[in-house]
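Quick notes on the structure that follows.
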Amino acid sequence: MSAFIPSFNHQQVEKKWQNFWYNSQAFQAKDFDTLPKYYNLVEFPYPSGAGMHVGHIRAYSSLEVISRKRRMEGYNVLFPIGFDAFGLPTENYAIKNKIHPRIVTDNNIKVFTEQLKATGFSFDFNRVVDTTDPDYYKWTQWIFLKMYEKGLVYKSTTFVNFCPDCKVVLSNEESQGGQCDRCGADVVQLEKDVWFLKITDYAGKLLTGLNDFESTSRIRTEQENWIGHSEGAYISFKLSAHQDYIKVFTTRPDTIYGATFMVIAPEHPLLETYKTEILNHEEIHDYQEQSKRKTEFERIQLNKDKTGVRIQGIEAINPLTNQAIPIFISDYVVITYGTGAIMAVPGHDERDYEFAKKYQLNIIEVIQGGDISQAAFTDTETGILVNSGIINGLSVKDAKKTIIQYLVENKIGSSSVQYKMKDWAFNRQRYWGEPIPIIYCDDCGVVPVPYEELPVTLPMVEHFEPTDTGESPLAKIESFTKCTCPKCGKPARRETDTMPQWAGSSWYYLRYMDPSNPLEFASKDKLKYWGQVDWYNGGMEHVTRHLIYSRFWNQFLNDQGLVPHSEPYKKRTAQGLILGEDGEKMSKSRGNIVNPMEIITEYGADTLRVFILFIGDYEMATPWNDAGLKGARRFLDKLWRLQEKVTDNNHYSDSLESIIHKTIKGVSEDIEQMKFNTAISKLMIAVNEATSSEIITKKDLETLTVLTYPFAPHIASEIFESLGHQESLVTTPWPTYDEALLVDKQVTIVINVNGKIRDKMIVNLNTSQADLEKKALSLEKIQVHIQGQTIKKIIVVPNKLVNIVV
RNA sequence: GCGGGUAUGGCGAAAUUGGCAGACGCGCUAGACUUAGGAUCUAGUUCCUAGUGAGUGCAGGUUCAAGUCCUGUUACCCGCACCA
């Protein structure tokens, strides 16, 4: 049978199926359905004016394939999408073009939605959330107030990371490496009045929670490093002339007998307390001013050369040696970690050693094993304590225990755990963000907005530029700021700062479960039904930002009994970057950006999807290659042309049966392991095989089509329909394979002589070892190689090889 | 400095438990069909000095057999970084 099949018209076919899917709600997730649920989550996009990027397609395609497959496997799949739409790019664009950010956002969301649909993603578009919608950010504010109620929100005037270009305060997570996350400008330290979320209260839980969270080691270790857990002790050093103490944190209490001086941070409060007694107060003050001006970048760059000033007039007492020791200030000790003060043990800490050398301070060996005249000895495994009174002769491990016990008994210290992670600076002096729901009253002070008055909506204003005074643009809008105190009813003012970009994304995965609930952020029943996100895929760049933040919010909500699980995500994976054709990161300035919409027009969405998943290992960065698109398109064209010679038969053809079963197994397994490149390669092999086969049955083509569907759903749906199916592929069962048919009846045996391949032979499966040996030795090519030599040994691996050692 | 990762043809990349290195795709070469080909099809394509040759960043080792295991080493990428 041969029929005339017109060539594959991607534009027509893709439009047809997109209309069908989206009009028929084919991907609607059903609350409380009896089918088992499966929740796939991808990081919702920031709807920028540039529209979709090929990176978005790579990021979503993995769980797109998994979602399509899961529906066929009988799951009730929740695969939602939404928009993380507050933030600076929109705001800056709006200012530049004098268009209100609301309008800019709405337009961008509209364009983005069209592009997502043009790619054929199987998102449930009924559940779209938009973080800038008052119905959404009402609940962002609500959760903020819950945290306030539970003491996890505080305001403090401290030095914070500030981006001079964006004119906003940045959290620690947003200023990694001393640079602004968004614009790359050097961050400066400014003293500001800032709202903080006490994420550090959850540091321990965020760390242990990683045990219930399946992810790759790089995802896990990045979070571990960021949280930065370390165990040690607090020790109080008495001042020689006062009943007052300097408290230090150390991970090496065992080295206390070697503590010959102390260092405190330039911001340490002691300097203010004993101002009058410090003889060189001016010198100290100069140093404080100097370090204040340093950016993070400068501190890192200049870290080779330690600076500091000795405080004249005050000394401390080492509680174990009872010796008076000098106190220095130096910016190698930071106020934000530990207690902002250290006991310096130059013999066994490289930084202290360097400092001691520079200022010619006493260096005492308290752990044997190194040569402290050359360098600090920091090995904790082999050393034995010396010159150390009550802990002499002990190992480092035992000495730590003993000394902590002593410190506790004498009330001069205790064991302690510290984290590197810092509290989350949670406000921006910009317009396009969630207003912080706080009111200032002259009589009552800081008063939270009552829950029933939420949301505090952003006023529609004409001017939304940031001010030069560092105040939010909202501060100038009287209709917004003027309010009455909820407590006493007197006139009061609203907080005019807004929340940072990461606020809305910290709980969006919960809203998807119940996206339009006006009474709760999500109903208990729905939270329970959908449970945890089964699989979350996103970018590596969010691992120490959004991923930490959202786990924090979820753990908090769980502690309040508001969500059923402590960890929001069961499993997290991350896609690699798509680089430009030049191997560099895609960027406007390099001019190497690939526009996915142009490719969809020219080659079709199916081709683009297949190519992006075929391009390389999903988790690794890989360069774009325009030419490679053709290969993906050729594969789809070949599949399409199989229709020309299909015979009406509901069994696999003899010649293809085995390879089809192998393909089902291979593709199924590869998809689960995110090895999409090899899954597609296996499909290509099967399609090539079918192309060169005399006969191909309806059943052959059907199975190949179904297997291709998660990758290229439009063309697959069209072929499936033309094979006579009324029902769509969306819930067609995923094919199964027969183990017995995976094994070939004949196998190729490789024959080695001394480990080198000399010949091959085809034999029946499970030929006996003796037969294999006999056959191998009789081969002509083998005879040539063993002639005149004695055979020492013959190794036979059944169904694999024969190795003759001579 | 610490932590994680990578290294394989002209290019993107494959390779259960150690068992045919380079699957699949791009590109390239030759041919077929064609008014035409940047369409399609067929054949070939790791390298060279063409052998009883060499070959998975480099140097060793274990083994009948190593991309895979062990020891050492180099380069690049990512994250953190004076964190006491």
Side-chain angles (χ1 to χ4, degrees), chain A residues 7 176-178 216-226 228-230 232 248-252 255 262-263 265 296 299-300 302-306 330-334 336-345 349-352 354-355 418-422 540-541 543-544 576-577 581 583 610-611 614-617 619-632 634-635 637-638 641 669 675 677-685 687-688 691-692 748-760 781 784-785 792-797 799-806:
Chain A
S7 63
Q176 299 184 15
T216 56
S217 75
R218 59 177 182 160
I219 292 174
R220 190 188 169 117
T221 50
E222 268 192 34
Q223 291 200 65
E224 281 174 356
N225 289 344
W226 189 256
H229 172 270
S230 63
V248 303
F249 172 73
T250 178
T251 54
R252 298 294 307 278
T255 62
M262 299 186 79
V263 185
E296 286 280 333
R299 281 198 177 197
I300 293 160
L302 303 173
N303 75 13
K304 290 278 168 273
D305 188 26
K306 293 207 170 14
S330 171
D331 59 11
Y332 87 87
V333 172
V334 295
T336 46
Y337 182 77
T339 60
I342 63 161
M343 63 175 208
V345 184
D349 181 287
E350 279 163 25
R351 296 151 299 176
D352 299 345
E354 196 189 320
F355 194 83
Q418 292 291 317
Y419 296 97
K420 268 197 283 187
M421 198 166 86
K422 291 166 191 164
M540 276 312 289
E541 68 275 21
V543 167
T544 52
L577 286 177
E581 259 184 309
V610 167
F611 179 63
F614 183 68
I615 197 166
D617 186 321
E619 298 183 87
M620 297 220 271
T622 185
W624 179 262
N625 171 13
D626 258 336
L629 274 168
K630 274 188 220 158
R634 264 178 216 156
F635 159 64
D637 281 336
K638 276 188 202 169
R641 282 200 305 270
E669 290 175 355
K675 293 167 101 181
N677 52 342
T678 53
I680 290 167
S681 139
K682 281 165 188 151
L683 284 169
M684 286 172 167
I685 292 168
V687 168
N688 287 345
T691 300
S692 52
T748 307
I749 303 291
V750 180
I751 300 115
N752 289 4
V753 177
N754 283 346
K756 290 195 173 162
I757 292 142
R758 297 303 182 192
D759 205 357
K760 296 167 192 180
K781 283 187 193 166
V784 173
H785 285 97
K792 282 190 198 157
K793 201 174 173 186
I794 298 178
I795 290 130
V796 181
V797 182
N799 299 325
K800 282 252 168 83
L801 65 71
V802 178
N803 190 9
I804 304 158
V805 186
V806 296

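As a basis for the values below, the full set of heavy atoms in this structure was taken, side chains included, without hydrogen atoms, waters or symmetry mates. Quick note on labels: first sequence line is chain A, next is B, and so on, each numbered from 1.
Between the side chain of A/E222 and the backbone N or O of A/T544 there is no donor-acceptor pair closer than 3.5 Å. In this structure, the side chain of A/T691 engages the main chain of A/V687 through a donor-acceptor pair within 3.5 Å. In this structure, the side chain of A/N803 engages the main chain of A/G755 through a donor-acceptor pair within 3.5 Å.
Syn is the conformation of B/G9, whose glycosidic angle sits no further than 90° from 0.
Shown here for A/S230 and A/F249, the closest heavy-atom pair between the two residues is O-CZ, 3.8 Å. Contact detail for A/S330 and A/V263: the closest heavy-atom pair is CB-CG1, 3.6 Å. Contact between A/P623 and A/G583 at its shortest, heavy atoms only, is CB-CA, 4.3 Å. Across all their heavy atoms, A/N688 and A/K638 have their closest contact at OD1-NZ, 2.8 Å.
The shortest distance between side-chain heavy atoms of A/V345 and A/T250 does not fall below 4.5 Å. Counting heavy atoms from C-beta outward, A/N625 and A/E581 have side chains that approach closer than 4.5 Å. A/M421 has its side chain within reach of A/W226: a pair of non-hydrogen atoms, C-beta onward, lies under 4.5 Å apart. With a 4.5 Å cut-off on side-chain heavy atoms, A/E619 and A/T216 count as touching. The closest side-chain heavy-atom distance from A/L629 to A/W624 is below 4.5 Å. Residues A/I757 and A/I751 fail the side-chain proximity criterion, which asks for heavy atoms closer than 4.5 Å. Using a 4.5 Å heavy-atom threshold, the side chains of A/M262 and A/V248 count as touching. Taking the side chain as every heavy atom from C-beta outward, A/I794 and A/V802 approach each other to under 4.5 Å.
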Look for any protein N or O under 3.5 Å of an N or O in nucleotides 33-36 of chain B and output each such pair with its distance, or none.
none

Under 3.5 Å, which protein N or O atoms sit close to an N or O of nucleotides 40-50 of chain B? Give each pair with its distance.
unit_1, atom_1, unit_2, atom_2, d
B/U40, O3', A/R641, NH2, 3.4
B/C41, OP1, A/R641, NH2, 3.2

Within the sub-3.5 Å range, which N or O atoms of nucleotides 59-62 of chain B have a protein N or O partner, and how far apart are they?
none

* Asked: Can you give one letter per nucleotide of nucleotides 14-19 of chain B, going 5' to 3': B for a protein heavy atom under 4.0 Å from the base, S for sugar-phosphate only, - for none?
  -> SS-B-B

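Atom CZ in A/F614 sits about 8 Å away from atom C1' in B/A13, given to the nearest Å. Whole-Å rounding puts the A/N225 CG to B/G1 C1' distance at 13 Å. Atom CD1 of A/I757 is separated from atom C1' of B/A66 by 13 Å (rounded to the nearest Å). A/L577 places its CG atom 14 Å from the C1' atom of B/G5, with the value rounded to the nearest Å. Regarding A/E581, its CD atom lies at a distance of 20 Å from the P atom of B/G10, rounded to whole Å. One atom, NZ of A/K630, and another, P of B/C26, lie 9 Å apart when rounded to the nearest Å. Between the C1' atom of B/A13 and the CD1 atom of A/I615 lies a distance of 11 Å, rounded to the nearest Å. Distance CG (A/D331) to C1' (B/A81): 15 Å, rounded to an integer number of Å.
Considering CG of A/L801 and CD1 of A/I804, their distance stands at 10.5 Å, rounded to 0.5 Å.
Among the atoms of the strands shown, none is found under 4.0 Å from any heavy atom of A/A632. Among the protein residues, A/K792 comes within range of no part of the nucleic acid, since none of its heavy atoms lies under 4.0 Å from any strand. Within 4.0 Å (heavy atoms only), A/K756 reaches sugar-phosphate atoms of the nucleic acid but no base atom. Counting any heavy atom pair closer than 4.0 Å across all strands shown, A/S330 reaches no nucleic acid atom.
Spacing of C1' atoms, B/A32 relative to B/G37, comes out at 14 Å, to the nearest Å. B/G12 and B/C28 are spaced 15 Å apart, taking the C1' atom of each and rounding to whole Å. Taking the P atoms as reference points, B/A13 lies 35 Å from B/U62, given to the whole Å. Remark: the separation of the P atoms in B/A21 and B/C26 is 25 Å, to the nearest Å. A gap of 27 Å separates the C1' atoms of B/A30 and B/A14, to the nearest Å. B/C11 sits 32 Å from B/G3 when the C1' atoms are compared, rounded to a whole Å. Nucleotides B/U8 and B/C76 are separated by 15 Å at their P atoms, to the nearest Å. As rounded to the nearest Å, B/G67 and B/G55 have C1' atoms that lie 11 Å from one another.
Residue A/N688 places at least one side-chain N or O under 4.0 Å from the OP1 or OP2 atom of B/G25.
Atom CD of A/E350 sits in a sparse spot, with 12 or fewer heavy atoms from other residues, nucleotides or ligands closer than 6.0 Å.
Positionally, the nearest nucleotide of RNA chain B for A/G631 lies more toward the 5' end than for the other of A/G631 and A/M540. With the nearest nucleotide of RNA chain B identified for both A/N754 and A/T544, A/N754 has the one nearer the 5' end.
Remark: the A/K793 side chain and the B/C64 base include no donor-acceptor N/O pair separated by less than 3.5 Å.
With sequence neighbours excluded, the residues satisfying ring-ring contact (aromatic ring centres under 6.0 Å, His included) with A/F355 are A/F261, A/F328, A/Y332, A/Y359.
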* Could you spell out the base pairing of RNA chain B in dot-bracket, with Watson-Crick or G-U pairs whose two distances are under 3.5 Å, [ ] crossing and | to another strand? -> (((((((..(((......[....)))((((((.......))))))(((..).))..(((((..]....))))))))))))....

